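Side chains included, hydrogens not; waters and symmetry mates left out as well; all remaining heavy atoms used. All values reported here derive from a predicted model rather than from experimental measurement.
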Amino acid sequence: MEKIIPCVLMRGGTSRGPFFLGDWLPSDPAERDRLLLTVMGSPHALQVDGLGGGNSLTSKVAIVSRSTRPDCDIDYLFAQVSVERACVDTRPNCGNMLSGAAPFAIDEGLVQAKNGETSVRVHNVNTGAVIEAVVQTPGGRLTYEGDARIDGVPGTAAPVRLNFLDAWGAVTGSLFPTGRRQETVDGMAATLIDAAMPMVLLRAADFGLRGDESPAELDADVALLACLERIRRVAGARMGLGDVSDSVIPKPALLAPGADPSGLSLRSRYFTPHSCHRAHAATGAVGVAGAFLMPGTVAHDCGGPAPQPGHRGVRIEHPSGAMEIHVKLNPDSGEVQAAGLVRTARKIMKGLLYVPERYALAQREPVAAVA
């Protein structure tokens with residue numbers, strides 16, 4: 001009675017999880033989500049009976065298929081599987097797992113590798129956004145080996161360049177869904193922005209914080225987490241997302257001026273949303289960097305520069321180090337036009353996944369899926 005399906009376990013950026021071709025999984029979303037809960041071992045704090053690692057960063061799933069869009073190569077659906085609840089959220093994109101989507105597609109024969117580098121246009125099914133992923137393919141063969149290093153991951157690997165082409169307002173329909181660059185939410189100054197990821201940007205100083213606290217310190221502050229959740233729920237409703245109590249978006253971020261005096265830098269503590277990220281989400285970093293360059297936002301208040309045409313490099317400092325985001329602003333509107341960053345990925349294993357008989361029984365039980 002066991003269900004046996006192929007599975008590839010990969011690290012994408014600072015996240016990790018199973019990657020599946022779309023036809024390896026049930027086509028019905030509700031049945032698929034029940035399967036994913038069983039695959040990851042949720043709900044359970046340690047996810048000891050599945051592939052999950054007991055943390056939101058290691059309880060992620062990527063589903064890849066040939067694209068249904070003529071202007072793209074692959075469709076990439078991201079699923080955030082809750083650790084301690086029977087909940088699967090397919091609203092957000094995940095830029096870290098995204099960095100593994102193009103290599104996985106090449107490995108599985110969905111995209112033909114070219115000599116040198118291979119550009120893969122990725123349609124993110126969650127948000128509708130299109131991202132260009134540039135993968136290293138010397139001699140027409142995919143490689144995961146290279147000299148690129150990203151903070152939060154040991155060692156080096158081949159770089160994967162991610163260029164976000166049209167992720168601005170992809171979820172809510174507008175870069176600033178409320179029409180304002182800054183407003184008050186639950187008594188706190190906030191920027192509600194939809195730039196690669198719907199987020200609530202807040203000043204760390206307004207909470208009596210420096211902005212360089214460790215994730216463990218922030219996670220231990222029960223009052224802070226409760227306050228962030230209240231703000232997040234109000235912000236979600238204002239952004240047109242409805243009741244977000246069962247969704248991981250919008251994501252809160254606490255910001256402070258960066259410590260790097262040599263360039264444009266911003267300190268960020270990004271929440272996933274109920275705990276602090278041990279590094280930083282790639283999509284979240286794109287949004288934070290874009291806001292930093294736009295006057296009037298909470299992020300810009302943390303030392304943002306005067307508007308300037310062309311590309312700007314913004315250094316986002318996070319608990320594991322930093323990442324560099326290259327942002328291009330529209331010369332007419334002054335809003336984000338494009339953004340890019342470098343991530344890495346690694347194929348860890350490929351094999352057969354055994355799903356126990358109780359999955360069939362679980363198909364009769366409701367799942368708090370958010371689509």
**Ser59/Gln47 under side chain to side chain donor-acceptor pair (under 3.5 Å): CA gap, chis, key distance, verdict** = CA-CA 9 Å; Ser59 190; Gln47 294 178 309; 2.9 Å; yes
**Asked** Which heavy atom of Asp151 sits nearest a heavy atom of Ser320, and at what distance?
**Response** CB-O, 3.3 Å
**Request:** Report yes or no: do Thr137 and Asn115 form a side-chain donor-acceptor pair below 3.5 Å?
**Result:** no
**Asked** Is the side chain of Glu31 donor-acceptor paired with the backbone N or O of Asp28 at a distance under 3.5 Å, no angle test?
**Response** no
**Asked** Taking all atoms of both residues into account, what is the closest heavy-atom pair of Leu293 and Leu329, and its distance?
**Response** O-CD1, 3.8 Å
**Fill in**
So NE2 of His277 and OG of Ser56: to nearest 0.5 Å the spacing works out to 7.0 Å
**Complete:** Taken to the nearest 0.5 Å, the spacing of Ile63 CD1 from Asp23 CG works out to 11.5 Å
**Item:** Smallest separation among heavy atoms of Glu335 and Met294, with atom names
**Value:** CA-SD, 3.6 Å
**Prompt:** Going through the distances and angles, do Thr143 and Gln136 end up as a side chain to side chain donor-acceptor pair (under 3.5 Å)?
**Reply:** CA-CA 6 Å; Thr143 181; Gln136 304 305 300; over 6 Å; no
**Request:** Would you mind reporting whether Glu183 and Leu192 have side-chain heavy atoms less than 4.5 Å apart?
**Result:** yes
**Item:** Exam field: side chain Thr283 to backbone Cys94, donor-acceptor pair closer than 3.5 Å
**Value:** no
**Message:** Starting from Met188, can I reach Leu218 by hopping between I/L/V/M/F/W/Y residues whose side chains sit under 4.5 Å apart?
**Reply:** yes
**Asked** Side-chain donor-acceptor pair under 3.5 Å between Asn126 and Arg91, yes or no?
**Response** no
**Prompt:** Any chance the side chains of Thr172 and Asp194 put a donor and an acceptor closer than 3.5 Å?
**Reply:** yes
**Fill in**
Residues Pro273 and Lys251: closest non-hydrogen pair is N-CD, 4.1 Å
**Item:** Carboxylate-amine/guanidinium proximity below 4.0 Å for Arg121 and Asp73
**Value:** no
**Item:** Salt bridge present between Arg210 and Glu213 (N-O < 4.0 angstrom)
**Value:** yes
**Request:** In plain terms, say whether Glu229 and Arg232 are close enough for a salt bridge, that is, a side-chain N and a carboxylate O under 4.0 Å apart.
**Result:** yes
**Request:** Take atom NZ of Lys347 as the centre, draw a 6.0 Å sphere, and report whether it contains more than 12 heavy atoms from other residues, nucleotides or ligands.
**Result:** yes
**Separation between CG of Asp107 and CG of Leu142, rounded to the nearest 0.5 Å** = 5.0 Å
**Heavy-atom closest pair, residues Ser99 and Thr344** = OG-O, 3.4 Å
**Asked** Taking the side chain from Thr38 and the backbone from Arg34, do they hold a donor-acceptor pair closer than 3.5 Å?
**Response** yes
**Prompt:** Do the charged groups of Arg267 and Glu317 touch, with an N to O distance under 4.0 Å?
**Reply:** yes
**Side chain Ser214, main chain Glu217, donor-acceptor under 3.5 Å** = yes
**Prompt:** Taking the inter-plane angle between the rings of Phe20 and Trp24 on a 0 to 90° scale, is it parallel (under 30°), tilted (30 to 60°) or perpendicular (over 60°)?
**Reply:** perpendicular
**Complete:** CZ of Arg346 to OH of Tyr144, rounded to nearest 0.5 Å, is 10.5 Å
**Request:** Ignoring hydrogens and angles, state whether a donor on the side chain of Asn93 or Thr127 is under 3.5 Å from an acceptor on the partner side chain.
**Result:** no
**Message:** Heavy-atom count check: over 12 atoms from other residues, nucleotides or ligands less than 6.0 Å from Asp71 CG?
**Reply:** yes
**Prompt:** Taking all atoms of both residues into account, what is the closest heavy-atom pair of Arg278 and Pro319, and its distance?
**Reply:** O-CB, 3.4 Å
**Request:** List the steps and the verdict of side chain to side chain donor-acceptor pair (under 3.5 Å) for Thr191 and Thr297.
**Result:** CA-CA 6 Å; Thr191 292; Thr297 69; 4.8 Å; no
